[in-house]
Amino acid sequence: MGRGDLSDQAWARLEPHLPMNVGRGGRWKSHRRVINGILIRQRTGIPWRDPPARFGKWKTVHDRHRRWSGDGTWEKILRAVQADAEVDGRIDWSVVSVDSTSCRAHQQAAGARAAAPRIPGRPGHPVEHRSDEALGRSRGGLTCKIHLAIEGGRRPLAFPLTPGQWGDAPQMIPILERIRVPRTSGGRPRTRPDHVGGDKPYSSRQDRRYLRRRQIKHTIPERMDQRANRQRRGSAGGRPIGFDESIYKRRNEVERTFNVLMCFRAVATRFDKRAYVFHGTVTVASLRLWLRS
């Protein structure tokens, strides 16, 4: 086992959820070796053609990551691992924190074809395909933004991708709508956290109305312009927003999660042209955090 490879304990938790070989000869070869090859590329950011020879053919590693990113296999595996954690009581729903970070796009990430991509051997388009490829111009140049929701154990629950210049407030509802932790005993997946914490960019009337409608408690500081407008209107402006400083201190959990994700160099710098492939890259990095002891 090399540095950064899956340990025996992590592999035992991951193996039951991988696609099985069906038919004569089987379709997939050595899942563990190929996934370790994908992980070393995510961790080091090396080109797909340059992994060590012990991981086999580079094209096998690249094609499997691209295919599983396109048909949603990585997402299904992540949901299954989250479901196992929920059964063991290892998900902290007490405070779910949301935030975003920008990833600088490498020059190789630009220039994707205008035609929508297709998955070889599959009808339709990739699950996470975006027409804008989640790339945009911001102060940092060509960037992509990751919007993240994490549980109290500092592990990702859901994350959409947007171009780097998009704001945070309009993405809070899509983030929370993506939280779906299946229940192995059957029934609907869990989608509602006990409490949501966020920074000032999420202090919009629409976001607060959405959280109240779903009966989700939240700790989000009020912006100065909103406070001044409420005070100017007097009694018509409504009551002050409740704010618990002790809960707000836990917002550092999402910042620490971003710090760990950025240790994957293929996440900190986007090299993938297609948004669905980069979404799979972030999903694999998130899956690695869920497989930690």
With heavy-atom distances below 4.5 Å as the criterion, would you say the side chains of Leu176 and Tyr210 are in contact? yes

If we only count heavy atoms from C-beta on, is the Trp93 to Leu157 side-chain gap below 4.5 Å? yes

Exercise: do His147 and Thr101 side chains pair donor with acceptor under 3.5 Å: no

We want to know whether Asp84 and Thr184 form a side-chain donor-acceptor pair, criterion being a heavy-atom distance below 3.5 angstrom. no

Is it the case that atom CD in Gln165 sees more than 12 heavy atoms from other parts of the structure closer than 6.0 Å? yes

Is the closest basic N to carboxylate O distance between Asp99 and Arg251 below 4.0 Å? yes

Measuring only between side-chain heavy atoms, which start at C-beta, is Arg270 closer than 4.5 Å to Thr143? no

Is it the case that Arg208 and Ser203 place a side-chain donor and acceptor less than 3.5 Å from each other? yes

State, to 0.1 Å, how close Ala266 and Phe278 come at their nearest heavy-atom pair, and which atoms those are. O-CE1, 3.5 Å

Shortest non-hydrogen contact from Pro156 toward Gln82: O-NE2, 3.2 Å

I need the minimum non-hydrogen distance between Asp207 and Tyr202, along with the two atoms involved. OD2-O, 3.5 Å

Using a distance-only test with no angle check, is there a side-chain donor-acceptor pair under 3.5 angstrom linking Arg64 and His31? yes

In terms of side-chain heavy atoms, does Ser69 have a donor or acceptor partner in His279 at a distance below 3.5 Å? no

Nearest non-hydrogen partners of Pro189 and Arg183, listed with the distance: C-NE, 4.1 Å

Evaluate salt bridge (charged side-chain N to carboxylate O under 4.0 Å, His left out) for Arg250 paired with Asp92, printing each intermediate quantity in order. CA-CA 12 Å; Arg250 294 188 60 180; Asp92 183 3; 3.1 Å; yes

Thr219-Asp244 side chain donor-acceptor pair, cut-off 3.5 Å: no

I would like to know whether Arg113 and Arg274 meet side-chain contact (heavy atoms from CB on, under 4.5 Å); could you show each step before the answer? CA-CA 9 Å; Arg113 295 180 179 179; Arg274 296 294 189 178; 3.8 Å; yes

Hphob cluster co-occupancy, Leu161 + Tyr276, side-chain heavy atoms under 4.5 angstrom: no

Between Thr283 and Glu75, is there a side-chain heavy-atom distance shorter than 4.5 Å? yes

Do you know which two heavy atoms are closest between Arg265 and Phe271, and how far apart they sit? O-CE1, 3.8 Å

Please evaluate residues Arg178 and Glu128 with respect to the criterion salt bridge (charged side-chain N to carboxylate O under 4.0 Å, His left out), reporting the C-alpha separation (whole Å), side-chain torsions for both, the decisive distance (0.1 Å), and the verdict. CA-CA 12 Å; Arg178 280 175 172 259; Glu128 296 293 338; 3.2 Å; yes

Under the side-chain contact (heavy atoms from CB on, under 4.5 Å) rule, what do Leu6 and Asn36 come out as? Steps first, then yes or no, please. CA-CA 7 Å; Leu6 291 171; Asn36 284 332; 3.6 Å; yes

Assess the residue pair Arg32 and Asp5 against the criterion (salt bridge (charged side-chain N to carboxylate O under 4.0 Å, His left out)); give the C-alpha distance rounded to whole Å, side-chain angles, the decisive distance to 0.1 Å, and a yes or no. CA-CA 9 Å; Arg32 187 170 185 176; Asp5 291 354; over 6 Å; no

Would you say Asp272 and Trp48 make side-chain contact, with heavy atoms under 4.5 Å? yes

Is the closest side-chain donor-acceptor distance between Asn252 and Arg256 under 3.5 Å? yes

Quick one: does NZ or CZ of Arg66 land under 6.0 Å from the six-membered ring centre of Trp74, within 45 degrees of the ring axis? no

Hey, is CD on Gln215 packed in by over 12 heavy atoms from elsewhere, all under 6.0 Å? no

In the structure I gave you, are the side-chain heavy atoms of Ile77 and Leu14 within less than 4.5 Å of one another anywhere? yes

Given 3.5 Å as the limit, does a donor-acceptor pair link the side chain of Glu133 with the main chain of Leu135, or not? no

Specify the closest pair of heavy atoms between Ile220 and Asp199, including all atoms of both residues, with the distance to one decimal. CG2-O, 3.4 Å

Is His65 close to Val277 at the side-chain level, that is, under 4.5 Å between some pair of heavy atoms? yes

Run the side-chain contact (heavy atoms from CB on, under 4.5 Å) check on Glu255 and Ser97 step by step: do they pass? CA-CA 9 Å; Glu255 303 291 351; Ser97 302; over 6 Å; no

As a quick check of understanding, evaluate salt bridge (charged side-chain N to carboxylate O under 4.0 Å, His left out) for Arg67 and Asp63, giving each step before the final call. CA-CA 6 Å; Arg67 184 183 294 270; Asp63 288 353; over 6 Å; no

